[in-house]
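Below is one structure, written out as structure tokens, with a few remarks after it.
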Amino acid sequence: MSAEESASTRRRDAVRAAVRAGIIDADRPVVGLLDVRGVRDAVAALHAAFDGAAPVLHAFAVKAASLVPVLRLLADEGMGCEVASAGELALARAAGVPPSRTVLDSPAKTHAELREALARGIAVNADNREELARLDALVRSAPTGSVLGVRVNPQIGGGSIGAMSTATDTSKFGVALRDEGARAWLVRAYAERPWLTRMHAHVGSQGCPLPLMAEGVRATYELAEEVNRAVGRRQVRTLDIGGGLPVNFASDVVTPTYRDYARLLAATVPGLFDGRYGLVTEFGRSLLAKSGTVLARVEYTKSAGGRRIAVTHAGAQVATRTVFAPASWPLRVLAFDARGRPKTGDPVPQDVAGPCCFAGDLVAVERPLPPLETGDHVALLDTGAYYFSNHFQYNSLPRPGVYGYACAEGRSDAEGGSPSTEEPATEDRVRFVPVRRPQSLDELVEESGGGPHTGGLSALR
């Protein structure tokens, strides 16, 4: 059985087991499921792709899954964290990620965030000239063990999704390398600050081709070489090459792979792996997307204008990007029956709608699926990154629960057959652990200003 077939089988088993165990039911009609084996396999593939290079810190981009148990799992697999806010830094700390394996990259770092990072020895990549001036003052006022660098925008162009392209001419990120005078300023900035020993560039994201990403790394490497020649020593010792490996949302096949990217980097930037530079990576989506499934109950079915519509509990609140930019963020949808078994029947075009009160709340339009009925389930695939943790609280819909799962070895009965007496049934072979419990209505009310704040506005005169 291929890796893709194994992951698909685990997913089918987990869906059926989740229904049988009541993890999803009429009162909890949407849930996130995370394949722990899939996550571990992805991390192992990343480590293997860069094996043999200089010391590498693989720092997970926390924004992709800002859930403490996920960060802890990744840390236990040898990863650090790349954080872009005080909140993400707090999550990494709660997960037990040490400061030495944490990188702060926010484009809007406050004085307080910088002070905390420097006091704790967390690496910082300054985003712009003004932030570098802040670091000047902080470094003068107190010694720090933090590794410090500058984020560079090599301005090499964008990919197919403009909002995800970070290295365009006018990107908000980093010091624009090709702007007039910028390169000379960067060389001078490093020469004047011997404590700047790292250089950072993040080019890739969904929609960016690998050659574009490699070109960004090459530009950063060449700048680091120029700085080191100018100062007459190896001042820049680490290159942070960001993350952004795109994900294949069209099938279970993992492509491109980390090995594909590492080989391209070795061909494009041969000096990157000769041992002179340590490396930092910041992958996020590519580590978790394939291991996640959003499972939702079909509440009603109907038709309008001759088109079938399945109204489910997974819409813009969990699949925000897919609903608002479906061309850029299409998702595969699988149909399961009321017992969690794969749905059969000749596919017919139908819309899969969410619960939010606006007409465009659709996760799929005219999608060929077996006819869905009330009580069935739909699974949104490849949703392990961003979809679980970046909840959009439209209509005050509570955040769904998220559960990790592991499957014991053995034949699956997910297709509906009866298991043999020698092998455990599906629900016995799948073990779930909570990652985040479903948000209660009381918690939602409190988060929305309930409790002691309820009468505050009325008291103002």
Exercise. Do H58 and F50 have their ring centres less than 6.0 Å from each other?
Worked result: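 Ring centres of F50 and H58 closer than 6.0 Å.
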Checking [X] side chain against [Y] main chain: does a donor-acceptor pair fall under 3.5 Å?
X: N248; Y: V253; answer: yes
X: S286; Y: V247; answer: no
X: S171; Y: F173; answer: yes
X: T383; Y: V294; answer: yes
X: D337; Y: D376; answer: no
X: S8; Y: E4; answer: no
X: K109; Y: N125; answer: yes
X: Q350; Y: P370; answer: yes
X: D361; Y: A316; answer: yes
X: S146; Y: A117; answer: yes

Is there a side-chain contact between [X] and [Y] (heavy atoms, below 4.5 Å)?
X: R11; Y: D252; value: yes
X: D35; Y: C407; value: no
X: Y277; Y: V236; value: yes
X: L89; Y: E113; value: no
X: V352; Y: T312; value: yes
X: P256; Y: L245; value: yes
X: V298; Y: E373; value: no
X: R20; Y: V430; value: no

Above 12 or not: heavy atoms from other molecules or residues under 6.0 Å from [atom1] of [X]?
X: R218; atom1: CZ; answer: yes
X: R332; atom1: CZ; answer: yes
X: F324; atom1: CZ; answer: yes

Do you know which two heavy atoms are closest between [X] and [Y], and how far apart they sit?
X: L287; Y: M79; result: CD1-CE, 3.6 Å
X: G315; Y: P355; result: N-CD, 3.6 Å
X: P398; Y: L441; result: CG-CD2, 4.5 Å
X: V103; Y: A59; result: CG2-CB, 4.4 Å
X: A296; Y: A314; result: CB-CB, 3.5 Å
X: C356; Y: N395; result: CA-OD1, 3.3 Å

Once you round to the nearest 0.5 Å, how far does [atom1] of [X] lie from [atom2] of [Y]?
X: T268; Y: Y261; atom1: OG1; atom2: OH; value: 9.0 Å
X: L57; Y: T238; atom1: CG; atom2: OG1; value: 9.5 Å
X: L279; Y: F273; atom1: CG; atom2: CZ; value: 6.0 Å
X: Y403; Y: I24; atom1: OH; atom2: CD1; value: 10.5 Å
X: L104; Y: S85; atom1: CG; atom2: OG; value: 8.5 Å
X: T220; Y: N153; atom1: OG1; atom2: CG; value: 9.0 Å

Exercise. Side chains of T320 and Y394: do they bring a donor and an acceptor to under 3.5 Å?
Worked result: no
Problem set entry | Flag for E282-H200: side-chain donor and acceptor within less than 3.5 Å | yes
Pairs flagged by salt bridge (Lys or Arg N to Asp or Glu O under 4.0 Å) wherever [range] is involved - sequence neighbours left out:
range: residues 77-87; value: R40-E77, K63-E82
range: residues 383-398; value: none
range: residues 387-402; value: R399-E447

Problem set entry | Verdict with supporting geometry, R151 and E131, side-chain contact (heavy atoms from CB on, under 4.5 Å) | CA-CA 11 Å; R151 178 170 185 168; E131 185 182 335; over 6 Å; no
For this session: Would you mind telling me which of R308, R307, K302 makes a side chain to side chain donor-acceptor pair (under 3.5 Å) with D351?
Result: R307
For this session: Measure from NZ or CZ of R436 to the centre of the six-membered ring of F388 and say whether it is under 6.0 Å with the direction within 45° of the ring axis.
Result: no
For this session: Check the pair V217 / V203 against side-chain contact (heavy atoms from CB on, under 4.5 Å), numbers first and verdict last.
Result: CA-CA 8 Å; V217 175; V203 172; over 6 Å; no
Problem set entry | Step-by-step side-chain contact (heavy atoms from CB on, under 4.5 Å) determination, K343 to L369 | CA-CA 9 Å; K343 186 89 172 176; L369 293 166; over 6 Å; no
For this session: Could you walk me through whether D13 and R10 pass salt bridge (Lys or Arg N to Asp or Glu O under 4.0 Å), step by step?
Result: CA-CA 5 Å; D13 286 352; R10 293 195 303 271; over 6 Å; no
Exercise. Should Q393 and L444 be marked as a side-chain contact (heavy atoms from CB on, under 4.5 Å) after you check the CA-CA gap, both sets of side-chain angles, and the distance that decides it?
Worked result: CA-CA 10 Å; Q393 206 168 48; L444 188 150; 3.9 Å; yes
Exercise. Can we say R437 and E443 salt-bridge, meaning some charged N sits less than 4.0 Å from an Asp/Glu carboxylate O?
Worked result: yes
